[in-house]
Structure formats: structure tokens, C-alpha cells
Amino acid sequence: MPRKILTGNHTVAEAVKLARVQVIAAYPITPQTTIVEKLAEMVEHGEIEAKMIRVESEHSALAAVYGAAAGGARAFTATSSHGLLYMHEVVWWAAASRLPLVMAVVTRAIGPPWNIHVSHEDIMDQRDTGWIISMAEDNQEVLDLVLQAFRISEDERVYLPAMVGLDGFLLSHTAMPVDVPEQEVVDSWLPPRLPRPYVIEPGSGVIMGNIPPDEAFYRMRHSMQRAMYNAKRVIEEVDEEYYKMTGRRYGGLVEFYRCDDAKYVVVLMGTWAGNAKEAADRLRERGIPVGVARIRYVRPFPRERLREKLLGMKGVMVFDRSVSMGRGGPLHAEVVEALEAKPSIMGVVAGVGGVDVGVRDFEKLVEDFVKKVEEEGRVYVNDYWYGV
Amino acid sequence: MPRKILTGNHTVAEAVKLARVQVIAAYPITPQTTIVEKLAEMVEHGEIEAKMIRVESEHSALAAVYGAAAGGARAFTATSSHGLLYMHEVVWWAAASRLPLVMAVVTRAIGPPWNIHVSHEDIMDQRDTGWIISMAEDNQEVLDLVLQAFRISEDERVYLPAMVGLDGFLLSHTAMPVDVPEQEVVDSWLPPRLPRPYVIEPGSGVIMGNIPPDEAFYRMRHSMQRAMYNAKRVIEEVDEEYYKMTGRRYGGLVEFYRCDDAKYVVVLMGTWAGNAKEAADRLRERGIPVGVARIRYVRPFPRERLREKLLGMKGVMVFDRSVSMGRGGPLHAEVVEALEAKPSIMGVVAGVGGVDVGVRDFEKLVEDFVKKVEEEGRVYVNDYWYGV
Amino acid sequence: MIEEYRFHGRGGQGAVTAARLLVGAAHREGRYGQAFPHFGAERRGAPVVAFARISDRPIRVHEQVREPDVVVVLDPTLFKLVNVLEGLREGGVLVVNSKEDPGIQGPYKVFIVDATGIALSLGLRVAGWPVVNTSILGAVVKATGSVSLDSVVDEIKSNWPGRMGEANAQAAKLAYEKAVRVR
Amino acid sequence: MIEEYRFHGRGGQGAVTAARLLVGAAHREGRYGQAFPHFGAERRGAPVVAFARISDRPIRVHEQVREPDVVVVLDPTLFKLVNVLEGLREGGVLVVNSKEDPGIQGPYKVFIVDATGIALSLGLRVAGWPVVNTSILGAVVKATGSVSLDSVVDEIKSNWPGRMGEANAQAAKLAYEKAVRVR
Amino acid sequence: MEEDHLVLPLSRPAPGAMGKTGTWRNYKPVIDQGKCIKCLLCWLYCPEATIIRHEDNSVSVDYEYCKGCGICANECPVKAIEMVPEVQGGA
Amino acid sequence: MEEDHLVLPLSRPAPGAMGKTGTWRNYKPVIDQGKCIKCLLCWLYCPEATIIRHEDNSVSVDYEYCKGCGICANECPVKAIEMVPEVQGGA
Amino acid sequence: MVRIQDLPRKNFLMPGNAACPGCPETMGLRYVGMALGENAVLVIPASCSSVIQGIYPRSGIGMPILNIVFAAAAAAASGLKAALEIRGLKDAQVVAWAGDGGTGDIGFQALSGAAERNEDIIYICVDNEAYMNTGIQRSSLTPYGAWTTTTWTGKKEHKKDVPLTLIAHRVPYVATASVGFPTDFIDKLRKASKIRGFKYIHLHAPCPVGWRFDPAKTAEVAKLAVQTGLWILYEYENGKFRISPLSRPYRDKSKRKPLVEYIRLQGRFRHLKKSDIAVLEKYVDEMWEFYTKLEEIYK
Amino acid sequence: MVRIQDLPRKNFLMPGNAACPGCPETMGLRYVGMALGENAVLVIPASCSSVIQGIYPRSGIGMPILNIVFAAAAAAASGLKAALEIRGLKDAQVVAWAGDGGTGDIGFQALSGAAERNEDIIYICVDNEAYMNTGIQRSSLTPYGAWTTTTWTGKKEHKKDVPLTLIAHRVPYVATASVGFPTDFIDKLRKASKIRGFKYIHLHAPCPVGWRFDPAKTAEVAKLAVQTGLWILYEYENGKFRISPLSRPYRDKSKRKPLVEYIRLQGRFRHLKKSDIAVLEKYVDEMWEFYTKLEEIYK
Ligand SMILES: Cc1ncc(C[n+]2csc(CCOP(=O)(O)OP(=O)(O)O)c2C)c(N)n1
Ligand SMILES: Cc1ncc(C[n+]2csc(CCOP(=O)(O)OP(=O)(O)O)c2C)c(N)n1
Ligand code: SF4
Ligand code: SF4
Ligand code: SF4
Ligand code: SF4
Ligand code: SF4
Ligand code: SF4
Ligand SMILES: [Mg+2]
Ligand SMILES: [Mg+2]
């Protein structure tokens, strides 16, 4: 496996090439630009047999690769910050279409004022949309995550698009050693994309997206959530398979660094996890038992894994490189949720897509909940979907 | 105060008229459309002295009213679902510009498949952006929230744009009685907009949005969060003032319905709260002590108010009319966060906008945290901003 | 107590307007109400549904009317197409625009009125279609007594000032007179 | 131990490339490295900064180099514009493209080399500017001994195959020979 | 086979995606086969594809779905189609 | 007075928003006032506004910020401006 | 021009769909099916045509469809075409089918981008001159004077000339068509399907609901638009512009039917004053003058 | 044409800004200040000009600026103008200042919308024929054959003719200009400032960094574009189109300098083959033929 010195962005391009992507569309934005440039170069020089669509905006970039995915091709795009916001509508659309697709997101701050540097607002802003969302710590992981994203996204238990986040400049423009697997090795593990779960083509007789009854809509959304839950398993599996192939594994949804004997844990995601690990080592040298839980996948969110490991800790510190204004760090709230709160709590997802939820529905649901609490003492449910 | 039978959308238009809005730009989308139609009618018939810009998309709709706000006018737009997603980039931009602005969001599901019915994905998707976000239960509250939104948004302690959510069809297309205050009454309470916090005009010498050092950027973001915290107070104040003027008050950030003696509480937002209250009454008749906490403001999120009231409850049930795919209901996570989790937890917001956070920063922060936990036994911090 | 109404009509017949007028009439009497369409694409001629609630107290319920007290059918042909009786409570009221007894079985009060005929007799047409939504409201008043005919008439007139209002109000009055209970 | 480098240059001089080549050379010796620019708009002629880290173990730290072990100055005029010594560790190394001793005070080792002269003597110019980033690397090797001259030469050649590579490699070699410690 | 995690937003072409739209009709097109010259204009213009074109290019109406718009009658060059009120509603 | 909750993204026009850009220069425009015919073309074309136009329409250079692009010299119709290498760096 | 009798019998529009009676969009969809048959794959942004499909799990349109967000028809079609091509399905005709709003307003950028890249797709704008799906709001293609629910006193600006902007993009093929003249439309579609690169067809589609006329008159109104000279049928093909035979007579103003015949049928123009009508009449004359000259330029 | 001596002395561009040496955008900004003075208020989408402003809390541009997201210049300017107008500041000239990418690609829709609504603003496209701020990627306005970092072997399509599409919108004023001819540009700006409604000016702005030429030659290259006939200066004003005096001589092909003089100065064209140059030469001839005829149409 040849090792190369690559920037994060060129690593993305290498991975896209290894994945034998067929259609690429992307729009330049700092600090993602060198991905587009490199891919354009590869396509023009025949290093990769793909069609590149030089779109006029990010909305069109994602719409184009989405169209390509609907047409059965393996497709890829990349963006950052305002580009991601500008395509946001299509981000939602692509996920609910259940088409496999991969996008690299080079994380960057959102203006005003203009700022091209790293920040996680852009990628965290996508957390509701139904995309698998992963975050790399270094360029090696960038390569591995991009390749794995195709596998996960195209897995029949998942069929959701996948985003791979890499930190702007910290990875995108930092050159570091990356083991690049041979094409044959990747080929053996990542076969050509199958025309699944459906393809829009002459004769397919398939219409994607016309109006359903509200209840059917709600079921579709529930099925996305199921696919997310499936993805948790798939991600861990892929991590193992990949290990067999390359000798590298990361721990699936979360990487726990020195957490086994820790009393305090730092939770975060992205490149600065390296700094946190280094800091943990130093603190340990000084007798403070610190570990790091690096969230590799924001979506599906590793609630169970975190809970398992962190519930017994004395202190948990969540670092957010973004903020949900008027509340706080988005990872923070979700980590706290994973560690549960004091009263019995049940989260109900209902009424989505207009499904009528009336007085009697509430009455029944609350009554059942009360009964359960009274019987079981303490109840905790994350997302109960009513009537599905 | 004349009472009229109005749909939610026509209520919005009445409120916009009463607020003497000067510039309107909006793009039609079901179920928001009748707002635009009514406003167009009012403008063309001279019932309101405003300029209406009939834009070609929502991205432009928000950009236009944003431009108008930058030019010192009181400005308004309205949208829904895909419209909100399409303008999402400008939603972010407008907030960080710190310009007062009001937008009505008629909540609706996001496709595919196409679905025009109520769902909260669209408005919840905006929760990171820095907008004040409120949700109405009925059309009376729609009117009141829109009027109050101008006050809050233009308050010098806040200067953030404000969104008012009303549920698609459930309110937008449902006619019900609304007490409409007289113009003079509103005028006395909502004076013309002042050219604050800044105006872009000849001679102003003001440049909005050029590149800052990362640390300045981080400070700007922190200042938005401060403004959000200020808004909590301002919202409660405005609720009181409004009460003096109209005899109506709602409880500020959260309305607690029969929570004082409740053991179980349903938490939710929007129109279906009415159903939940009705259900609570029925359950109480059957001896089950249920209350309802209706979140009126998703942003700023009423952490403290919820905590105060709900921490001692036996059971809390959070209803989300949307889902953050791969996690669960977004309200759910935030309510749980407000009720804290088991270990000591500290949320840190850092590194935003590229501010370098290195090994020693981690080391110091973690050490301080550990010290605090060891000293105080249990620590809980929502958003610690490092170095601001 | 909340009275719940369901209106069946066809796209273009103004079922939603009928619901709104009814609520407006109740409002004139100091009562509370709620009127809303069934939220779908309304196509000319296609079966449509609208709802209303009326109560002495403010209404905070927001759900579809699942068990109406009153069902109003603006077009008798709808009997063949949809189950207009769905969920109608025992003892509930059915008001039908029809010349003849639709022959309904069940524990309901049934009223009929020839709203089409009344509309046509008064020249009430829009785009060739007889306007039956105002006339049938007269029959609803007769059948339920929930609001007064005067309130309905006032509401109609304030909605369409001038000649249009007069004619529509007249239709409601005529329907009030002519409506008969057949069951 | 991680060695940390900071390169000072001007937009167009290739400070980032120098950092990358250095890391590439280390990589040839089985070591690990990291090279990155300071993230701002790079304008021709404007002062720019780049960083590198080299270590025997994989590097997981991702922060700006705050206390470099080695500072490399590609353009002597920069002394007047920026504090190139900022954070340089005690005992650290300063490598300067200069004909004369810059007269630095402090606990540092200072090396100079006339990289500009070397570049021009070999005809190494791009858009009129002398290419100093490859030549100065030779001096860095001499000053630090962290990587071998061979590795640097190989790295240069594999970056620019052909004549360009040869000339640049030659520049590095010459600089290696000519660099002198002045403090 | 629809799996729990894979309820897709996919439809298939089929008549009646909005139900039996023949019920929307107030007027009903009736073709006078005697007058008809088989020009197929009604077939061409019918927005519903509810003019049935037979092997011999004679035409008839699919009343289950015909919405009664009247375009066929309007376009028939020999006035072979009459719009007849349905018993109900119309006037 | 900047309040904690109101750190605005606002700037004001001022020279040196990118620092003393004169330091970017490799070549320096030197005007030969004897040759100069005060045509103002250098002033007009200078992309930096660093040709100073005096009351009498004579011109001089603001070396603190002039980036040394050479446009003034290139456009001067009488070649009254020469680009002289700065001691440093240039060649 | 193709003879009606020779048109294929197969239906690509399903009866029982959700269109209003007398809908011009369903008419147009039928012609697309007749012209392109099994090869057509549609990309449909938000519009009446998204609703016309009816309720899941059925569809009232009998061609494969990728429904797409409002602004993205041309972009999604570009990607879909790329995929089908790279997969070897060379015969597939990817057709973007968008309303006037989805074409001239919110989808204009994606359209322009695809045109500039010369994507090998057919883009059809089905122009009913307003946002009909949301209930008759003004679009940039609404004509001067027309009432809509966002222009209660009539629109103040003239109709945006989208096909002309496409000609300004110098794409291989631009044509105008009308649901009043199906065979002309079908001919143009078939021609387009044989050209490589970007093809744009602008289909005039009078809507009884939005324009307020009797649904029986959809085709009649469409034909009147051409016969009064308001809507000019033409083709721009590889740099050559020519007015189509069906419109050619109306170069001669005296051959044109009076514009008021067209206007009077439509409720949306009811409030027009004489002076407004004069504005529209002048507009027609100017268009003819302009397009006649354009024939000269692009000869 | 205004005399240089009569141009105002006041600087609206601050020295020490963040532009590269030899930047055409700063040149253009200076002329905007000279032409419109204190009345100008700029709306600037993402572009080199957003960076040129330098670092907070200073600004290298001496006019009030609303920076705005990439796609929204024309829309934000529309709103800003509405506000200033409703507040009684009638003299304010709201100027959208956008790059070729922000104009012809991602901002094209907002531009078209504002044009159709005939907003009373001046929209200037500063055209350096690529995305320079992100490091020289292709835009739709990049010319045929040019190397960029997304067209390594040269762009395959011709430059999108954005001003022509604006003429197709029939707005009150469309003009082309060049940083090589500042007084012509200033004249056009001043004329535009007196016209009510939408004004579009397309400013050709050769960029030394992106086009790979010596920064001393920015004005020279700009002038050559006009003198070789590649860039035609013209005005379209209230339905009349005329080629500007500075370009008029080049109607006569023999008066044009050879295109290769222009091409040879630029690194981005280094790889061009003879046949590519022929394509560009043909393009110039065709443009002249077309625009000369357009003068006939819009006389
Ligand atoms: C981003 C976005 N904005 C608005 C809408 C709402 N919308 C759906 S269809 C439509 C109008 C379509 O008009 P047009 O393109 O002319 O097609 P028509 O309905 O007339 O067929 C609108 C405004 C939407 N779906 N998405
Ligand atoms: C939505 C969005 N996409 C991409 C970018 C990144 N971006 C900023 S400026 C720019 C290029 C601008 O090109 P142009 O408009 O030609 O202006 P120039 O830089 O050439 O002056 C790009 C792609 C952005 N800021 N926002
Ligand atoms: S009435 Fe209309 S729908 Fe029915 S057959 Fe005739 S044209 Fe078709
Ligand atoms: S249009 Fe008339 S004549 Fe022609 S086929 Fe139909 S019914 Fe026969
Ligand atoms: S060299 Fe360039 S920046 Fe300096 S004065 Fe001359 S034109 Fe201006
Ligand atoms: S261009 Fe030359 S002659 Fe003209 S003012 Fe400048 S220096 Fe003098
Ligand atoms: S509104 Fe018009 S275009 Fe839309 S479905 Fe109805 S008839 Fe067709
Ligand atoms: S890249 Fe070109 S346009 Fe941009 S700032 Fe530099 S010189 Fe100016
Ligand atoms: Mg339309
Ligand atoms: Mg550009």
C-alpha cells in the first residue's frame, strides 16, 4: 500500500478515483476548491472515467449528482460552508429519496463576516436531513471514510446518502502521509454500484416523489430512521471489513481513546481530537485520568455507544466547534440526551407530514406513558413513532 | 378591539399591516401563499404603505428584505418548507448581520415525496441560525407573536431577526376569531423602526461583513449568543407589556398549563398543544395529574424555565413533530439537556471560525473542569466560551 | 360542548365558504368557532370536504372532525361517491341539497332542501354553476337551530356587499322556509 | 519528539512548497510529517507563513506552530515586516536567505545562505522571480541535519521531473554547500 | 416486498391516481357516431386521454374518468359531440 | 462603545486594511518629474490609488502602500516612470 | 407536419389523474409521450404537473419521472442524462418539464447553466403564465395587465421573453410551440430528439383556472394566441431562426385576428382598460417587428 | 467623454487594501467612486472584491458596502434600494458589484429577476472571466480555450453572452465597458445614474493572476481586447443599440489588431493550438456580424 504525502483535499480526490465514481459535479468554494480542481484534472487527463459537470452553483451541483444517482451512477460532490447552505434544500431532498450518494464537506465558518476557516456550523446544520454524517480526524481517515461512505450508502440496509466531513485547512490544506490502497484491493471490496434501490430510466416505470397520503409519508420518514439505526450496525461491520483489508480500524461510530480507565472524558469530533488526545496523555502523566471519545459519526448518532461508556464517568466535557444559537453546542445537547435526564422521559415523533394527532391520541399516549412509568419506576424512550 | 374571523395567514397580513411594515418581499408556496396574496392586495389597494418586491425565489425574497433591513426599513417576509430551505443560506446570513427583521414560517413537511401538510422539520431546521424562533398555538397568538416579533427583534438588547411559526393548514387555513387591536394602540407601542444598530446608506461609511481575524469572529458569535440570552428577558418583558395593552399574556418563553400540581408533563410546541391541553383535562378528570408545557420560543430555548418546572416531575413526554434523522426529536434532546444528565457535564463552544485550539488549550480546559468537579461534586455548564 | 360540522361539496361549490359563513354567524352571536378545509388539491368538480366547529367557549382543539354532529351535503350526487355518513353521531343531523328524500337509514335526523332550485330561481350562478352554499345554510339553520337565520343573513351580506349579498341572503331565507325534515 | 518549522516568505515564493518538500523528504526516510500554510489570502509579494512538523511517530497534533524549533526566512526583507523570531525556542535554528549576517540577538543558531544568488546563477526564475524555496532547503538540511540532502534532492526531483527538477535539486545542493552558521 | 427500513417514495403509472374522476363531471360528452368523420381531433385534444381511439379511428368516451371539460365538443369540427348535463348538479 | 452582546461585523474605510502593502513591492515606480507631462494617466490607471495627484496635477507615489505592479510605468505615454528594483528580493 | 392519424396510440397519460378539467399541462404531457414514446424520462420540478401525477402509490403520468425541487430541473436532468449515458443508455431522452415559474423564475439559473454547458437534454417550459399550482400568482412570464393573486390591478411588466434569452445562449435548438397546435409541437419535439446538445421548447399552455375561461376552450384560446399574433411559433436551429409555417401568415398584421378576441375570453383580463389593451397591441406589433428582423440576423 | 482632468480627486478606494498587485477590480472600483461619488452604496457578493476590502475593522473600499451571499447581489440591492427610497433618500445609487461568476452563474437568477422587475439599481458585472477569488476556476464567462483550474485542457464552450441576455430582458440600459477605457466606463455610469429602472454594465477586467500576465499589463491587455475586436463596447438604451465610438472602428475587420497579440500575452492561452485560435477568430467575426446587425434591429 503506497504511502503518499497528501493534503486532505487531494486525499478526497484519490478516494473518489479509487471508488470509480462515474459522475462528479461540484462548485468551487474555499477551502474545498482543490478537490474540484484535482478531480477536474483527473477527469481531463483520463485518470478516472467519469463525467464531470461544471455546474453554475451548489444547488445545481447536488441536484446534478442526485440526478446521476437516480440514473444509477455512482456519484460524488463536495462543498463547504455557504455552498452547503446554498444546496441545503437538495440535501434534504436527496436523503428522503433514499439514493446512495457521497459528498465531502470541508468544514468552514458561515458568514457574515466572511471567514474561510474551520468551524462545524456548516456540517452540523445538516444533522436533521437524513444523511449519514462522518467526521475525519486526519487525512488517512479522510481516505478511509470516503471509501467506506460508498459502501455504507449503497448498503441495502441503509440506502441513504453519506457526507464525509474534513476540517477546513486543518486537513484540507495540510499535507500528511496517507496510505493509499491499490485499485484492485478497493475493487474487490467496493464493486460497481448496483441499480438499487431503484433507477429512473426508460422502461423502469418508476415515478419518484408524487404526493402520498400523510400516513404513508410518516411511514417513509420512519423507514429513514430505521435505516439510520441499521446504519449503526453497518458502519461497525464496514469498519471491521476494512480492517481486514487494510489493517486500519477506528472503532466504528465512536473512537474511545483511553476511556476504559478514565474518570473524565472529552467528547468531540474532527481534527482537534488529536489535540485532545495529546492533552489527555499529558494530563494522565500528571495523574488525571482523562479519555477522549471522538465522535466519528454524528449521524447516526452513537447514543448507545456513548451511554455504555460514559454513564459511569465523573465528568464529561463536550467540545462543540459550532453553536446552536440560543441553546448551546449541538453535540453537547445530544451527548447529554444520550446520558439521560432525571425524570422519566419519552420522546414521541408524531404528526409529521400532517398526520392528524388529536385529543384522543394525546390522551391515549400520555396514559400509556404514565402507566409504564408507574409500573416500571423509570422509563426512557428516545423516539417513539406513534402508529407506525 | 374588534374581533374578526380570520385564517392564520390573513392574521399574519393584519399584523404586518398594523406593524406598518415598509418593505415586503415574498415568494408563494403552499400553505403560506395566502399571506403573500393578502399583502399584495393590501399594498395595491393602498391599505398599507409598503413597497412589495415580487421576487423570483425565496433566496431572493429573504435577500431583498434583508437588504431593506440594512437600508433601515422595517421589513417582512414569509415562507414555508422548501421555500425556507431554499433561502436557508440567507437565513444564516441575516442573523449574523444583526439586523432586525421578521419572517412568518408556515410549517410544512419537506419532500420527497411532496407533501404540503403540517410538520415542523422546516422551522426546526433553522434552530442553529441565530434567529429568534417562536411558535403559535392559535391565530390570536399568531397576531400577537408577529407584532411582538418586531419589538423583540428591534430591541437594542437583541438585534436579531425573528421567525414566527404557525402550523400549516391547522392555523394558516383555519378561520377563527381574532381580536385585532386598533392601529393607534399598536402605534403607541411599536414606534417606527430606528436606524439601528446600523444602516447602509450614502454617507454612513459602514461596511458590513468583510473578513475579520478569527478571534474577532468568535467574539461576534459569542455576542449573538449573549443577545439570545438577553432575548429571554426581553421576551418576558414584552409579554407583560403586551398584556397591559391588550389583556393577553402567554407566559413568555413557555406556557405552563396545569403544571403546578402535575406529576406528568407533555412538552411540545405549535397548534397541537391545544389538543394536548384538552387531553390533559380529560386525564385529570380520570385522576391522572398531567400538565402541558408549551414551548413558545424554540430560540432562545427556555432551558432554565423548563428546568425550574420539570425537574421534579415523575414523567416528561416530549412530542416532536419532526425528527433529526439518526438521533430523534430535536425538542426531545434539548428538553433532556435542560433536565441534565447523570455525570457532571460541561459544554464548551470553541474553535468556531477557525480559532486555533491546540493541545495546551485542551489541557488547561480539562484540568480546570476536573478541578471544579472534584471541588464541587457536580458541575453542569451549558455553553462555556473559551477565551471570550 | 362543541358542535362539529362536516360539509361535503364539489370543487367550485364553496363548501369552505359555507363553513366560514356558519362560523361567522355564530361569531355574531358572541360564540366561538373554527372553519377549515380538508387540506388537499381542490379541483373543479372533485369531491371536497370542509369542517366547522361552534362552541360557547373558545376552541382550542385542532384536529379533523372525526365524529360530526352535523353533516351538510351540497351535492346529492356525492352520496354515490363518498360515505357522507362516516362518523356521524347517533342523533346527528344530515342536511342535503336534494329535491327528494335520499332514503338514509340510521339514527339520524335528515333534512332536505332544493338548494339548487332556489339558487337558480334567484339567478345565483358562478361560471355556469348554481351557487348552493349560501342557500343551504338556511336549511342548516332550520335543521339545527344552532345559529339564527338573522345572523346567517347578516354574515352573508357583510361578505358580499350589494346585490350579490342580497340575492344570497334571500336564498338562505328561502331555504330556511323550504327545508323539510324527511326523517 | 516533534520538530516544528515555520517558513516565512512572500506570496509567490513558494513557502508552502518548501514546507511540503521538507515533509516529503522526511517521509522518504520513513518518518512522519505535516505541512500546512497559514490560512489567509495569499497575494503576490505579501508576507506569508507556512508550517511543517516532522517526527518519528505519527503526528496527531493539529494546531498552529506556536513555538517552532526552526524558522526559515526565504526573504531577508521580511525581518523588517514581521517578527520572524516570535516563539522560536531557546536553542532554536534560524535559516535565512541572505548574503550577510542579519545580526540577530538571542539564544539561537543562525544560518545564512544566498539562496537568491544561487537560484539566479542556475536560471531558476518564475515570472521574473528567483525561485528560492528549493535552494534554501539545502541550507535547512545543513542547519538541522534532520533530513538528509539526498532525501531532499529526491523529493525535489520527484516533484518536478526533468530539467526543472535537476536545476532545483542542484540549487539545494549548492545551498547545502554554501550555507554557513553565523551565530 | 416493502421492508421496514425501505418504504420508498415510488409510484407506478396507473389509471385513477386521483380516483374515478368521471364523478367530477357536470356535463357529459356524447358522441353522435353518425356525424363523426373520424378526424381524431377530439382524441388529440382531450386532456385526459379519455377519448378512446378504436382500431378504425372511430372514437368513444371513457366515462369512468372523463372529467367533462368539453374540449372534445368544442374542437369537433362537425359538432358531433354534445355536452349533456349529468342528471345531478349541473344546470 | 462595543457591548458584549453587540459585537457587530462592521468596518470603516481606512488605509492599510491589509497592512503596509508597500512592503509587497519588488519594483518601485520612480517618476521623472522632468519628463512628466501631467497627463494623469498613471493616476487614472493605478489600481491602488497610490499615485498621488497634486493640486497642479503633478503626480507622486505613495510608497507606503504602492504594491509595485508597474501599471503606471506601463501606461505612462512619455515613459516618465521607471520601475526600479527594491534592494531586496527582486531581480 | 405529422398527420394525426399517424400518431401513436399508446397513452402516456393515465386517465383519472389529478389535473383540473381542461388542463393544458396534461395535453402537453400527452404530446410528449406521443413524440418521444418509451425513450422519454421526465424530470419535473414543483408545478401543477407534480400534483397532476395524483396520489402515491399510483401515478397519473405514464413515463418514468424524477420529481425534483422547484429550482433544479435543468441540473437534475443534466445529472440524470450523464448517468444514463455513462451506463450506455444512449437512446434515453431526458426531458425537463417545468412551468413558467420553474423555468423563468426560480429555475432560470439552472436552466441557463445547463444551456451554457450544452447538456444533451430537452427542456420544455410549459407556460401557463403564472404559478398555477399555488393558486395563480404572478410569474415573470405573466403578461402585462393580467390579474393574478399577487397583481390584483394587473401586472405592470411585460412577459419575460425566456426563449429569446435562450437564443442569446446560442444553444443548438430553441422553439416555441402551443397546445393549440399539437402536431407542430410533436414535430419540434421529434426534431429536438435528434439533435445533440441543449434543446429548449417553450410551450404556450392556456389554463382555464388561472386565466378564468371555460375549460372547454383551452385549445381554442391557445389557437387564438397564435392567430392574434400574440404568441409566435418559431424555431432557432443551429444559428438559424425561422418563424414556423403556422405563424408565418401573421407577419402580415392584417391577417391577425383582433387581440381583443383573445383577451375577452379571459377573466384575468376583465379589468383591462382600453389603454392597457393598446399596450398589449403595441407589444404584439413590436414583437413581430423584432422577430421578423431576427429572421434576418439569423438567416 | 469626460476629460481625465475633470475627474474628481477624492479617493473611494483605500490604499493598503488586499487586492493583488495590478488588480482590475480595484481599478474598476475607483472609477465607480469617481462616477457616482458619495451617492454610491455597494452591494458586493462573494468575489475578489469581498477580499479586497481587507481585514476588519478596516475596509479598503471607501464606499458603504453591504456584503452579501454569492447568489443574492441583485436581490439584496433591490431591497436596499426599496428601503432607501421609502426612507426618502432618493439620490442614493444602489450599485450591485459582482464578478462574472456572481453575475452569469450563481447570481444569474437574482439578476434576471431584478431586471424583469425593472428595479432602479445599477448592476455592474466586473468580468475577469473566471472565479478568481477561489483560485481561477472556470465560469460560464470564461472564454473558449482558456486554461483554468477546472479546465486544464482549455474550456470547451464559448463565453456566455450575459449582456445580450440582459438586452433580451429589454431593460432600460445595458452597456459594456472595459477597465482599459476608464472614461468611457465613467461616462456610462453617469448616464446610467440618470436613468430610472434597471441598468446593467458589463466591465471587462483582465486579471494578471488568473490570466497569467505581468501585472503591469492589466490596462494594456484590457485595451487589446477592445482593439482586437474581441470585446465590443456598446450601449443599449431604451430600445436602441449602438456600438460605442471607441469600438466603432473595429467594425472594419482590417482595423482590428491581430487576435494573437492579445492571446500571446496571456499564460492561460499558452496551450492553444492554431485551430483553437481559429475558433476564437471566427468567434470575433461572428460577434461583429451579429452586433452590427443588432444595431440595425434596435435602431
Ligand atoms: C423552493 C420552493 N418554493 C416554492 C414552492 C411552491 N410552489 C410549488 S409549485 C409553484 C408554482 C409553479 O408555477 P409554475 O412553475 O409556473 O408551474 P405551474 O404550477 O403553473 O404548472 C410554487 C410557487 C416550492 N415547491 N418550492
Ligand atoms: C454559495 C457560495 N458558493 C461558493 C462560494 C465561494 N466563492 C467565493 S467567491 C467565488 C468566485 C467568485 O468569482 P467571480 O464572481 O467571478 O468573482 P471574482 O472572484 O472573479 O472577482 C466563489 C466560488 C461562496 N462564497 N458562496
Ligand atoms: S369532456 Fe374533456 S375529458 Fe371528457 S372526453 Fe371530452 S375532452 Fe376528454
Ligand atoms: S372530433 Fe368529432 S369528428 Fe373528429 S373524431 Fe371526434 S367526434 Fe369524430
Ligand atoms: S506601481 Fe502600481 S500600485 Fe504602484 S503607483 Fe504604480 S500603478 Fe500604483
Ligand atoms: S502618466 Fe507619465 S506623464 Fe502622465 S502624469 Fe503620470 S508620470 Fe506624468
Ligand atoms: S391550474 Fe391550470 S395548469 Fe394547473 S392543473 Fe389546473 S388546469 Fe392544469
Ligand atoms: S485575483 Fe485578479 S481580480 Fe482577484 S484580487 Fe487578484 S488581481 Fe484582482
Ligand atoms: Mg405556470
Ligand atoms: Mg471573476
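Proteins get letters first, then strands, A, B, ... in listed order; numbering begins at 1 in each.
With a 4.5 Å cut-off on non-hydrogen atoms, G:Leu66 touches chain A through its backbone and its side chain both. Heavy atoms of A:Ala70 lying under 4.5 Å from chain G belong to its backbone as well as its side chain. Only the side chain of G:Glu119 comes within less than 4.5 Å of a heavy atom in chain A; its backbone stays farther off. The part of G:Ile61 that comes within reach of chain A is its backbone (N, CA, C, O), which places non-hydrogen atoms under 4.5 angstrom from that chain. Of the two parts of A:Val206, only the backbone, made up of N, CA, C and O, holds a non-hydrogen atom closer than 4.5 Å to a non-hydrogen atom of chain G. Only the backbone of G:Glu38 comes within contact range of chain A, with heavy atoms under 4.5 Å apart.
Counting heavy-atom pairs under 4.5 Å between each of A:Ser60, A:Ser57, A:Ala73, A:Pro202 and chain G puts A:Pro202 at the top. Between chain G and the residues A:Ser204, A:Gly205, A:Ser97, A:Gly72, the largest count of heavy-atom pairs under 4.5 Å involves A:Gly72. Between chain A and the options G:Gly37, G:Gly60, G:Gly54, the largest number of non-hydrogen pairs under 4.5 Å is found for G:Gly54. The choice from G:Ile65, G:Ile68, G:Asp91, G:Val43 that makes the most heavy-atom pairs within less than 4.5 Å of chain A is G:Ile65. Between chain A and the options G:Gly113, G:Ala82, G:Gly62, the largest number of non-hydrogen pairs under 4.5 Å is found for G:Ala82.
In this structure, a donor-acceptor pair under 3.5 Å is absent between the side chains of G:Ser47 and G:Asn133. With hydrogens and angles left out, the side-chain atoms of G:Glu116 and G:His169 include no donor and acceptor closer than 3.5 Å.
Using cut-offs of 30° and 60° on the angle between ring planes, the pair G:Tyr131 and G:Phe70 is perpendicular. Using the six-membered ring where Trp is involved, G:Tyr236 and G:Tyr298 have ring planes that are perpendicular, over 60° apart on the 30 and 60° scheme. The aromatic rings of A:Trp92 and A:His88 lie perpendicular to each other, with more than 60° between the two planes, well past the 30° mark.
For A:Glu201 and G:Arg87, the salt-bridge test passes: some basic side-chain N is under 4.0 Å from an acidic carboxylate O.
Contacts between residues 46-54 of chain A and chain G, defined by a heavy-atom separation under 4.5 Å, are made by A:Glu49, A:Ala50, A:Lys51, A:Ile53, A:Arg54.
Between A:Gln32 and A:Ser80, the shortest heavy-atom contact is CB-CB, 4.1 Å.
For G:His204 and G:Trp211, the gap between ring centers is short of 6.0 Å.
A cation-pi geometry, defined here as NZ or CZ lying under 6.0 Å from the six-membered ring centre and within 45° of its normal, holds between A:Arg221 and A:Phe217. Within the cation-pi definition used here (under 6.0 Å to the ring centroid, within 45° of the axis), G:Lys160 qualifies as a partner of G:Phe108. Within the cation-pi definition used here (under 6.0 Å to the ring centroid, within 45° of the axis), A:Arg151 qualifies as a partner of A:Trp189.
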